[in-house]
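Every chain is numbered from 1 and lettered A, B, ... according to where its sequence line falls, protein lines coming before strand lines. When reading the values below, keep in mind they use all heavy atoms of this one structure, side chains included, and skip hydrogens, waters and symmetry mates.
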Amino acid sequence: MAVADFVGACRRVNLAAQLAWHDVLARYRGSVLGPFWITISMGAMVLGIGVLYARLFKFPLDDFLPFVAVSIVLWGTISSVINEGCDTFVAAGGILRQTALPMFIFPMRLMIRALINMGHHLIIIVAVLIWDRQTTLPGALLSLAALLVVLINIAWVGTLAGIISARFRDVPQIVAAGMQFAMFMTPVFWKPEQVGARHVLLEVNPFYYMFDAVRGPLLDEPMNPKTWPLLATMAVLGWLLTFAVFTGTRRRIVHYL
Amino acid sequence: MASVTIKNLTMRFPVYGADNRSLKKHLARISVGGKIGKAAGQAPVVTALSNVNMKLKPGDRLALMGHNGSGKTTFLRTLAGAYEPDEGTIEVSGRVAALLDLSLGIDPSATGYDNIRLRGLIAGLTRREIDEKMEDIAAFTDLGGFLAMPLKTYSAGMQARLAFAVATSVDADVLLLDEWIAVGDTKFRKAAHERLLDLVERARILVLASHDVQLVRYYCNKVVRFDSGLVSKVRPIEDLDELMAMPVGAPA
């Protein structure tokens, strides 16, 4: 049944896209620049943190700015999918209670919304990478492939968080607190080699591998050999778990809301 | 071809009250264990519909009568496909349009036009269909310049006009309405009335939940009575008085 729901949602991916686009526009309605505020606010953050931390850590700016640009954008996508994932089904309660729409439309809406936001952020990354002139085309392509795997991974986390949050209303708070903690424990603003390349803090952090996979080929950094196998395993096992939970709760989600 | 076939339909709700939603309480229960914890922690279950059997064919305009909380809205939501039956089967063939809740898919800060599009998309219309119908929908709402304004500036009656216009613009075979007539002024009621009669004339199925005996008599040709989840047999509308006069607990 979960699979049927998923297939049904794929058929109506158009609706998910329209809802996602509406979400993005709604947020910036009335502002002159509209969604380009996404680009501007992210640009300010990248520039500020890039310059400050390069000085604090005594890294050359042309080395650190691309690093932090990619990192912050990637973290923004990961954390928004997981945090907003908690709200996917709850926010759709009004719709779910009176239509027969496939439930997976709403995780899709979440992912498409994240992609739209990330699209606006990519402008910054492209600009910084062009300025930096270090990235190769194969590196960029490999990085995009890694990004796809990361998206598949956070999609199941977001969906699962959405189901559990509908039932237990403490979970969004737990997730928000956990993600905040994870932001500092993950090499977003700092480089992995600063704590030592195989440090246990990195090895047990799933987000570290996501950053390793996306950032490594783009910035020509050596990659952890465990990264790809781990991300692939996480994607497969995670989706199996999510489908299992979804199958068990699909009928009930509407009553949780 | 529109039809509705319901066999032995039973709907139960676990009621997840505030008491049940906290993860802390859930975990605390696990750690406490034992009978007391289990009994106290289980969500109470309400049987909203029990063993409903029904068949509707094109041209049927069914009125759902019954007290508040007798299961009418649950029944409509089950027909709309939002709830899945706990027992039994429900088969609805044809496109379903439901007007159960005026706030469906509504964004208060978006304009009337945007909200028509949103509702239309959720109701299953394509963008092109919505564009084609937009003029007709806009004309029916009679909101004129207000359609370009955010929905938060609308009164409840104006929102109802918009919602009703979109719901009835879907070429539906089965139309589900829940107490919609409660809002709107005389002029709108008249317009809504004509639109509804037009729909009904196209030999489609209408299911209308209402407490208004006069209204029900006007639109419907059949009636059922709900009593705490028990549903009477489908009777012709002429039997309305007799059906409603029956004592509670003995619907036949």
For the [atom1] atom on [X], are there more than 12 heavy atoms of other groups (residues, nucleotides or ligands in this structure) within a distance under 6.0 Å?
| X | atom1 | value |
| --- | --- | --- |
| Asp136(B) | CG | yes |
| Glu84(B) | CD | yes |
| Phe146(B) | CZ | no |

Exercise. Apply side-chain contact (heavy atoms from CB on, under 4.5 Å) to the pair Arg251(A) and Asp86(B), showing each step before the final yes or no.
Key: CA-CA 9 Å; Arg251(A) 281 189 57 245; Asp86(B) 285 85; 3.1 Å; yes
Quiz item: Under a 4.5 Å heavy-atom cut-off, does chain A meet the side chain of Pro108(B), its backbone, both or neither?
Solution: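 For Pro108(B), no heavy atom lies under 4.5 Å from chain A.
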Practice problem: Name the region of Arg127(B), side chain, backbone, both or neither, that has any atom closer than 4.5 Å to a heavy atom of chain A. | Solution: side chain
Quiz item: Are Asp178(B) and Arg97(A) within salt-bridge range, i.e. N to O under 4.0 Å?
Solution: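 Result for this pair is no, no salt bridge flagged.
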Quiz item: Residues in side chain to side chain donor-acceptor pair (under 3.5 Å) with Asp5(A), at least two apart?
Solution: none
Quiz item: So, for Ala82(B) and Gln98(A), which heavy atoms are closest and what is the spacing to 0.1 Å?
Solution: CB-N, 3.7 Å
Exercise. Under the side-chain contact (heavy atoms from CB on, under 4.5 Å) rule, what do His255(A) and Tyr83(B) come out as? Steps first, then yes or no, please.
Key: CA-CA 8 Å; His255(A) 301 311; Tyr83(B) 293 166; 3.8 Å; yes
Practice problem: Considering only heavy atoms, give the residues of residues 15-28 of chain A separated from chain B by less than 4.5 Å, sorted numerically, with 'none' for an empty result. | Solution: Leu15(A), Gln18(A), Leu19(A), His22(A), Ala26(A)
Self-check item: Arg77(B) side chain near Val254(A) side chain, heavy-atom distance below 4.5 Å
Solution: no
